[in-house]
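Inspection log for the structure reproduced underneath, given as structure tokens.
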Amino acid sequence: MSRSERSPLLLAGLLATAGVAHFAAPRSFDATVPRALPGSPRAWTYASGVAELALAAGVALPRTRKAAALATAAFFVGVFPANVKMAWDWRHRPTALKATAVGRLPLQAPLVMWARSVANGTEGQA
């Protein structure tokens, strides 16, 4: 299997893993939900998990890959405020945890670009 054939499946795997994690350990995700959002953090945690599982399924299937990958790129942009909140909330934690939270922020851009490349069918191409 070539790199371009593996890329969508790896992206789907990442999304599925994150989606399952939202249900397996929801408390850690609840803490990242911006307070400005209406409703309970747990509802947002579960909704995000459902969205990630649905996106994973869509990216895994060639017939729905393009639309799902574009939606995944938008999703990654949409969850960025939660990552910013986490970095802010963890600013007084031990250095390793603080670095992890801050280090996640610039990773959002490559995730968006990865999803777009899967949508365009250009993943793994130079």
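FYI, the numbering just counts along the sequence from 1.
- In the hydrophobic clustering of this structure, L11 groups with V79; members are Ile, Leu, Val, Met, Phe, Trp, Tyr whose side-chain heavy atoms approach within less than 4.5 Å, directly or through other members.
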- [ ] Would you check, one step at a time, whether the test side chain to side chain contact (heavy atoms under 4.5 Å, CB included) holds for L14 with L111?
- [x] CA-CA 10 Å; L14 173 76; L111 288 173; 3.8 Å; yes

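- R104 and N83 get closest at one heavy-atom pair: NH2-OD1, 2.8 Å.
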Task: Full working for side chain to side chain contact (heavy atoms under 4.5 Å, CB included) between L15 and L53 - done: CA-CA 6 Å; L15 289 162; L53 292 171; over 6 Å; no

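- Follow the hydrophobic side-chain contacts under 4.5 Å out from W44 and you never reach F75; the two are in separate clusters.
- Although no hydrogens or angles enter the test, the distance criterion places no donor-acceptor pair under 3.5 Å between the side chain of W114 and the main chain of A109.
- A donor-acceptor pair is defined here as one N or O able to donate and one able to accept, closer than 3.5 Å; no such pair exists between the side chain of Q108 and the backbone of V77.
- Taking each heavy atom of T45 and V33 in turn, the nearest pair found is OG1-CG2, 4.0 Å.
- Within the hydrophobic cluster formed by Ile, Leu, Val, Met, Phe, Trp and Tyr side chains joined at under 4.5 Å, directly or through other members, L107 stands alone, with no partner residue.
- Going from atom NE2 of H22 over to atom CD of E52 covers 4.5 Å, rounded to the nearest 0.5 Å.
- Judged by distance alone, the side chain of K85 and the main-chain N or O of A31 form a donor-acceptor pair under 3.5 Å.
- Taken together through direct or relayed side-chain contacts under 4.5 Å among Ile, Leu, Val, Met, Phe, Trp and Tyr, V84 and F76 form parts of separate hydrophobic clusters.
- In the hydrophobic clustering of ILVMFWY residues, with side-chain heavy atoms under 4.5 Å counting as a link, L97 and M86 come out together.
- Considering every non-hydrogen atom in both A56 and A16, the closest pair reads CB-N, 3.6 Å.
- In this view, T32 satisfies the side chain to side chain donor-acceptor pair (under 3.5 Å) rule with no residue, not counting sequence neighbours.
- Hydrophobic clustering of Ile, Leu, Val, Met, Phe, Trp and Tyr side chains at less than 4.5 Å, counting indirect connections, keeps F29 apart from L37.
- Shown here for G103 and P106, the closest heavy-atom pair between the two residues is O-CD, 3.3 Å.
- Every salt bridge (charged side-chain N to carboxylate O under 4.0 Å, His left out) that R42 has, sequence neighbours left out, goes to D30.
- Of all heavy-atom pairs between P8 and V118, the closest is CB-CG1, 3.9 Å.
- Of all the heavy atoms in A60 and R65, the pair that sits closest is O-NH2, 3.0 Å.
- Side chains of F23 and V50 form a contact here, defined as non-hydrogen atoms less than 4.5 Å apart.
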